[in-house]
Engineer: 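There's a structure below that I have some questions on.
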Amino acid sequence: MGKSLTYKILEQHLVEGNLVPGEEIGVKIDQTLTQDATGTTAFLLFESMGVPRVRNELAVSYVDHNMSMFGPENHTDHLYLQTVAPKVGAYHSRPGNGICHQVHLERFAAPGKTLLGSDSHTPTAGGCGTLAIGAGGLDVAVAMGGGPFYMTAPKVIGIELKGSLQPWVAPKDVIFRVLSILTTKGNVSCIVEYFGQGVKSLAVPDRATITNMGAELGVTTSIFPADAMTRKYLKAQGREDQYKAMAPDRNATYDRITKKLHFEKDAASIGNIRKYCLGVEVTEPDKDGYGKVSFDRIVIDLSQLEPLVAAPGSPDNVETVKQNSGKKVNQVIVGSCTNSSFHDLMVVAKVLEGKTVHPSVEFSVAPGSRQVFHMLARNGALASLIAAGAKILESACGPCIGQGQSPAEGTVSVRSFNRNFTGRSGTLDDKVYLASPETCAAAAITGEFCDPRDLTAKGLAYPKVTWPSKFIIDDALILTPQTPEDAAQVEVFRGPTIVTPPAAEVPPVDLAGPVLIKVADKVTTDDIMPAGSFLKHRSNVPEYAKAVFFRFNKKDQPTFAQRGLAAKQAGQHGIVVGAESYGQGSSREHAALCPMYLGVRAVIAKSMERIHKANLVNFAIVPLLFVDPADYDKIDQGDELAVPGLLKAVESGDPTVTVQNRTKGTTFQCSLPLTTRERKILAVGGKLNHTRLTGAAGPGPGRSIRGSG
Ligand code: MIC
Ligand code: SF4
């Protein structure tokens with residue numbers, strides 16, 4: 001049986017466990033990346049691990065998220081990172097150099113390597129044949145120390161691409177189609193691998209758009225093969241020597257995927273699975289309306305795709321642009337790590353050339369990197385954008401993470417981004433549609449949703465943009481690692497907001513406390529720990545913790561933070577109750593760290609997303625899953641729950657615990673979704689303690705790598 005590319009790379013990096021889907025494996029990490037919003041904590045944790053120098057092949061610290069700089073906090077973080085990163089042996093990409101994923105793709109990503117990043121969109125580098133995974137900052141800190149990354153050996157979802165995209169149809173539409181099939185839930189511990197003839201027509205940044213937004217599927221990562229296109233891209237980046245052909249075996253087989261889906265709620269996904277997958281089998285629904293849907297692989301004919309959007313609320317609310325035709329648009333933004341490559345912005349600039357932005361639209365453009373910005377400035381495209389009336393934003397995350405450009409309430413904003421969770425834009429009642437740069441450009445000039453293919457009929461041919469054979473290469477804003485001798489002379493800048501995060505504690509012997517909040521399906525880490533204007537407090541946990549579950553606070557009632565601290569002061573343990581796919585979205589470990597600070601000791605949910613569950617364990621919050629999801633309905637916020645013997649259950653490997661609802665006088669069962677290693681981490685009070693006690697930050701040079709020979 002032929003191997004997938006995913007398993008070939010995993011085999012070459014395996015340091016612990018067996019490569020059998022579902023089993024826990026330890027993987028050697030070649031490269032790491034951090035960004036300022038997660039990296040400040042990651043570097044503080046790295047420092048507290050007591051490892052003096054970075055031990056993995058390449059570590060890069062980026063500054064791209066916290067750029068609004070109202071108040072001294074952000075600059076303080078930047079200066080800390082700028083001094084600490086090169087000192088401990090990491091590269092440091094300074095503010096202005098661009099968004100971490102775009103810059104990493106341009107300057108560092110390499111085929112066949114593993115990359116762990118403290119940002120959920122790290123899989124962007126999968127466009128270059130890198131096995132690139134997002135994780136919490138503490139996991140990345142451990143990888144910087146040379147420690148392995150632990151993950152579940154994945155099931156590999158094969159996606160065969162055929163044909164090539166029609167004019168005005170974009171790589172973004174490919175990932176929208178995939179999201180309409182797989183949705184954002186139920187894909188944990190899977191990796192998506194693209195293959196087939198259609199791959200050849202996509203340039204590396206096009207592939208990177210697809211792998212970037214693969215994060216929204218909740219999979220561990222997505223990957224493309226490295227082929228002639230990859231070589232061409234690396235050559236244009238002056239890095240052809242880092243090219244290595246990487247492909248699945250010719251006779252590679254992909255896993256048969258089975259998902260438990262609700263026949264009514266997931267009807268659209270089931271319909272698309274029937275339409276786009278091979279070997280589909282669907283069981284009869286059970287009494288609650290759930291059935292099992294299985295398939296062998298997904299097949300997408302690129303030439304049959306049409307422009308799509310994700311309607312407000314979730315990246316998997318996929319609709320056609322045609323369905324929205326004529327809907328008025330008030331704001332358009334092109335940028336973010338998903339769609340801000342040279343080609344993306346050139347198409348937009350050419351569509352806008354000689355025109356003026358529609359009077360009802362406020363239009364902004366944020367080039368993904370300094371390289372892209374520079375290229376547009378040199379070839380005149382920037383002038384076209386300025387002349388058309390675009391607001392030119394800095395090369396940074398900006399509006400994607402609610403740092404500015406918040407839309408007016410209830411108005412339609414069309415963005416080339418990857419997430420449109422309600423309120424993420426900084427406006428509580430927002431209506432953010434996600435779209436390709438092509439669809440964004442069409443909306444910018446017409447003031448409404450307009451299928452960009454219709455522009456051809458209006459006399460505007462699809463702009464021809466050729467990829468440059470050589471990009472402008474200028475790494476002046478990337479500080480290189482210092483030698484240990486030079487590093488010894490450098491003092492790390494530690495402003496007042498640079499505070500080592502609070503320490504986690506061993507889980508309670510007997511858990512007892514109130515349900516601080518009960519939330520519905522698909523609660524994201526943006527819901528738990530909002531960014532936007534709160535983002536500047538990332539390195540100050542007590543301050544940032546005030547915003548936990550901010551969106552759920554009710555006027556004139558104690559906030560979540562106040563309820564948590566009150567219970568903590570009363571000696572009780574805070575409990576959060578979630579539903580399906582709890583903790584979707586970002587890698588931000590503050591969604592565990594800040595609730596921990598507020599006294600949360602356990603989270604009970606129907607299902608949990610990978611990175612968030614790992615972050616809970618890392619900060620010693622016990623994750624529990626309802627054995628019977630119907631028990632969720634029998635709990636209310638404020639109920640007093642108890643799990644006598646919780647710590648013992650964690651330590652002794654009990655698969656389930658009995659939870660008492662002391663308010664209702666009932667009991668129910670929860671499972672502990674934990675590996676032996678995770679139980680050990682919890683039992684010693686979190687990953688930092690575990691790392692200190694076991695030296696698990698890494699063996700230093702010379703550790704043998706299984707399967708590499
Ligand atoms: C995001 O897109 O949500 C972020 C902001 O990049 C996060 C990281 C963070 O919260 O700092 C992510 O995707 O992991
Ligand atoms: Fe930045 Fe947005 Fe990308 Fe997150 S998704 S890294 S906030 S551009």
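Worth knowing before you read on, the calculation uses all heavy atoms, side chains too, and leaves out hydrogens, waters and symmetry mates. What you are looking at is a predicted structure, and each value in this text was computed from that prediction instead of being measured. In each ligand, atom 1 is the first atom listed, and ligand 1 is the first ligand listed. Just so you know, residue 1 is the first one in the sequence shown, and it goes up from there.
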Engineer: Using the test side-chain hydrogen bond (donor to acceptor under 3.5 Å, both in side chains), find all partners of Thr338 that sit at least two apart in sequence or belong to another chain.
Structural biologist: Asn212, Ser336, Asn418

Engineer: Could you enumerate the protein N, O or S atoms under 2.8 Å from atom 3 (Fe) of ligand 2, written like residue then atom name?
Structural biologist: Cys337 SG

Engineer: Taking non-hydrogen atoms only, is Gln35 closer than 4.0 angstrom to ligand 2 via side chain, backbone, both or neither?
Structural biologist: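 The answer is neither; Gln35 stays 4.0 Å or more away.
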
Engineer: For ligand 2, which atoms, with element, lie under 4.0 Å from some heavy atom of Arg424?
Structural biologist: 2 (Fe), 5 (S), 7 (S)

Engineer: Would Asp316 and Lys522 pass as an ion pair if we require N to O under 4.0 Å?
Structural biologist: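 Salt bridge between Asp316 and Lys522, a charged N being under 4.0 Å from a carboxylate O: yes.
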
Engineer: Can you tell me how the ring of Trp467 sits relative to the ring of Phe342, calling it parallel under 30°, perpendicular over 60° and tilted otherwise?
Structural biologist: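 Judged by the thresholds at 30° and 60°, the geometry between Trp467 and Phe342 is tilted.
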
Engineer: Can we say Asp139 and Lys687 salt-bridge, meaning some charged N sits less than 4.0 Å from an Asp/Glu carboxylate O?
Structural biologist: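 So Asp139 pairs with Lys687 through a salt bridge.
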
Engineer: Does a side-chain N-to-carboxylate-O contact under 4.0 Å join Arg370 and Asp474?
Structural biologist: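 Yes, charged N to carboxylate O under 4.0 Å.
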
Engineer: For Tyr80, look at atom OH and say whether over 12 heavy atoms of other residues, nucleotides or ligands are found less than 6.0 Å away.
Structural biologist: yes

Engineer: Assess whether a salt bridge exists between Lys613 and Glu678, defined as any Lys/Arg side-chain N lying under 4.0 Å from an Asp/Glu carboxylate O.
Structural biologist: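 Yes, Lys613 and Glu678 are salt-bridged.
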
Engineer: Below 4.0 Å from any atom of ligand 1, which residues have a heavy atom? Give them in chain and number order, please.
Structural biologist: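 Lining ligand 1 at under 4.0 Å, by heavy atoms, one finds Gln35, Ala37, Thr38, His65, Asp119, Ser120, His121, Ile401, Arg419, Arg424, Arg538, Ser586, Ser587, Arg588.
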
Engineer: Describe, in one word, how the ring planes of Tyr194 and Phe224 are oriented to each other, choosing from parallel (under 30°), tilted (30 to 60°) and perpendicular (over 60°).
Structural biologist: parallel

Engineer: Would you tell me whether His92 and Tyr62 have side-chain atoms, one donor and one acceptor, within less than 3.5 Å of each other?
Structural biologist: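 The answer is no; no qualifying pair exists.
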
Engineer: Tell me which protein heavy atom sits closest to atom 4 (Fe) of ligand 2, plus the residue, atom name and distance to 0.1 Å.
Structural biologist: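 Checking every protein heavy atom, the shortest distance to atom 4 (Fe) of ligand 2 gives His65 NE2, 3.8 Å.
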
Engineer: Regarding Arg588 and Asp526, does a basic nitrogen lie under 4.0 Å from an acidic carboxylate oxygen?
Structural biologist: yes

Engineer: With sequence neighbours left out, write down each residue that passes side chain to side chain contact (heavy atoms under 4.5 Å, CB included) with Ala444, or none if nothing qualifies.
Structural biologist: Val332, Phe363

